[in-house]
Amino acid sequence: KQEVTQIPAALSVPEGENLVLNCSFTDSAIYNLQWFRQDPGKGLTSLLLIQSSQREQTSGRLNASLDKSSGRSTLYIAASQPGDSATYLCAAGTGSSNTGKLIFGQGTTLQVKP
Amino acid sequence: KAGVTQTPRYLIKTRGQQVTLSCSPISGHRSVSWYQQTPGQGLQFLFEYFSETQRNKGNFPGRFSGRQFSNSRSEMNVSTLELGDSALYLCASSFSRVGYEQYFGPGTRLTVT
């Protein structure tokens, strides 16, 4: 059974810092890993999708890496800003050739202080 | 291109009632999945629909059901509501079944009193 864990559960940093959010999964048989952002009371915004054959993806100040063999993914945020404050969720894509689902971690709540 | 839309955004129901939530996927997307989000359990998979067929189902009781229409729009229904069904229900759409990026709607906040 796939389990996804995110550490830390909460993080508070001053503006401008570079930071790393961690995600680990127990079953390496994933077809992709997706990072999301969720603002309070809102839906999920997709940030980055890494296919199982890829090692990393970049979008602006965000960089996500994937190491299937060790069951780990990291989300790197460069030069953090107060607007980055949100909960960040990683989700492992699992399933067969006909169907899939996302298994989510509990999230890391990030606060960036001005 | 319009995003995933969900209606209604907020609902208040009484125990024992039933409720129907609606989801319209991104144009061209054929797969729709539903998730329940609660503070205690986090995000949990409910079911996935593709081509009007349920392809996968999470570990939820039979009171939770859904369907998908020929235009890919989907509805989920919860019968005999319980207090524990209070949650944010999120719908996600993707182009196809496996390996595609999932895009989420704003959710429907259901409160059961």
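Residue numbering restarts at 1 for every chain, and letters A, B, ... go by the order of the sequence lines.
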Linking I/L/V/M/F/W/Y whenever their side-chain heavy atoms sit closer than 4.5 Å, directly or via other members, would [X] and [Y] fall into one cluster?
{"X": "L75(A)", "Y": "F104(A)", "answer": "no"}
{"X": "V19(B)", "Y": "V32(B)", "answer": "yes"}
{"X": "I50(A)", "Y": "L21(A)", "answer": "yes"}
{"X": "Y88(A)", "Y": "L62(A)", "answer": "yes"}
{"X": "L47(A)", "Y": "L44(A)", "answer": "no"}

**OP:** Could you list all the disulfide bond (SG atoms under 2.5 Å apart) pairs where at least one residue sits in residues 53-87 of chain A, not counting sequence neighbours?
**Re:** none
[X] atom [atom1], over 12 foreign heavy atoms within 6.0 Å:
{"X": "R72(A)", "atom1": "CZ", "value": "no"}
{"X": "N59(B)", "atom1": "CG", "value": "no"}
{"X": "R63(B)", "atom1": "CZ", "value": "yes"}
{"X": "F95(B)", "atom1": "CZ", "value": "no"}

Original post:
How many angstroms lie between atom CZ of F104(B) and atom CG of L89(A), to the nearest 0.5 angstrom?
Top reply: 9.0 Å
Original post:
Rounded to the nearest 0.5 Å, how far apart are CZ of F36(A) and OH of Y103(B)?
Top reply: 9.5 Å
Subject >> Proximal component of I30(A), with respect to chain B [non-hydrogen, under 4.5 Å] >> reply: neither
Original post:
Of all residues at least two apart in sequence or in a different chain, which pass the side chain to side chain contact (heavy atoms under 4.5 Å, CB included) check with K42(A)?
Top reply: D39(A)
Subject >> Test item: Q34(A) side-chain N/O and Q102(B) main-chain N/O as donor-acceptor pair under 3.5 Å >> reply: yes
Original post:
Using non-hydrogen atoms and a limit below 4.5 Å, what part of residues 35-45 of chain B faces chain A?
Top reply: Y35(B), Q37(B), Q41(B), G42(B), L43(B), F45(B)
**OP:** Can you check whether anything in residues 82-94 of chain B gets within less than 4.5 Å of chain A, heavy-atom wise, and list it by number?
**Re:** L88(B), L90(B)
**OP:** Would you mind telling me which of N32(A), L48(A), L49(A) makes a side-chain contact (heavy atoms from CB on, under 4.5 Å) with E101(B)?
**Re:** L49(A)
